[in-house]
Amino acid sequence: SQQGEEDPQALSIQEGENATMNCSYKTSINNLQWYRQNSGRGLVHLILIRSNEREKHSGRLRVTLDTSKKSSSLLITASRAADTASYFCATGFSGSARQLTFGSGTQLTVLP
Amino acid sequence: NAGVTQTPKFRVLKTGQSMTLLCAQDMNHEYMYWYRQDPGMGLRLIHYSVGEGTTAKGEVPDGYNVSRLKKQNFLLGLESAAPSQTSVYFCASSAWVMGGNTIYFGEGSWLTVV
């Protein structure tokens with residue numbers, strides 16, 4: 001399976017700190033997306049970055065993409081307890097961009 | 001605007017029983033999907049549909065069937081449930097937004113097969 005792999009699998013930080021999660025993938029992509037999943041809920045789309053983009057911001061989120069290293073990172077600045085969730089990267093591959101492939105996720109815990 | 005709605009939310013089945021999970025979306029999306037989520041394995045695509053009357057196999061289609069008779073509905077059937085099908089099932093639909101296929105998920109259906 002051409003799956004994105006998140007790193008670390010689990011991350012625990014204090015409120016106010018920044019959280020960084022990484023995603024690596026194996027083949028050429030059309031775009032990469034990050035989703036959040038609160039416990040017991042469905043996934044919610046956070047941000048999309050196209051393969052020709054290197055960085056994108058949305059509120060407290062910053063996503064970078066390095067296609068030469070086949071990797072992406074998601075930075076959440078000034079984290080809050082409400083950011084506690086699992087975060088997944090999803091890749092849309094060239095030629096099958098409609099089918100996203102999800103990684104196994106990073107479980108982020110933000111301690112108050 | 002409800003988005004993607006799945007029913008039932010929870011179900012317990014005995015091995016060999018059959019059931020259908022219902023999914024409805026009100027966003028007029030062409031593409032719809034069924035995923036399953038298991039601990040440590042992320043989401044895996046079961047079946048998907050690119051439009052009314054179409055279906056296609058995903059990564060893990062065995063033991064499941066789907067139908068898309070109406071654009072807004074995508075049904076997932078388990079023909080003869082097995083304990084290995086104990087999982088959380090997510091229905092989703094998608095739209096092409098800003099150069100990528102953004103997926104909108106339902107809230108999930110927890111299925112236990114005993």
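Throughout, a chain's letter reflects where its sequence line sits, starting with A, and its residues are numbered from 1. None of the values given here were measured: they were computed from a predicted structure.
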Legend entry - Heavy atoms of other groups near B:Glu52 CD, more than 12 under 6.0 Å: yes

Legend entry - A:Arg50 versus chain B, the contacting section by heavy-atom distance below 4.5 Å: side chain

Legend entry - Residue A:Gln9 versus chain B: region with a heavy atom under 4.5 Å: neither

Legend entry - Heavy-atom proximity to chain A below 4.5 Å, by part of B:Gln6: neither

Legend entry - Ring centroid separation B:Tyr33 to B:Phe90 under 6.0 Å: no

Legend entry - Exercise: identify the closest heavy-atom pair between A:Trp34 and A:Val63: CD1-CG2, 3.8 Å

Inset, instruction - Measure distances from A:Leu43 to the heavy atoms of chain B and classify the residue's part below 4.5 Å as side chain, backbone, both or neither. - result: both

Inset, instruction - Work out which heavy atom in B:Val4 is nearest to a heavy atom in B:Ser93; give both atom names and the distance. - result: CG2-OG, 3.7 Å

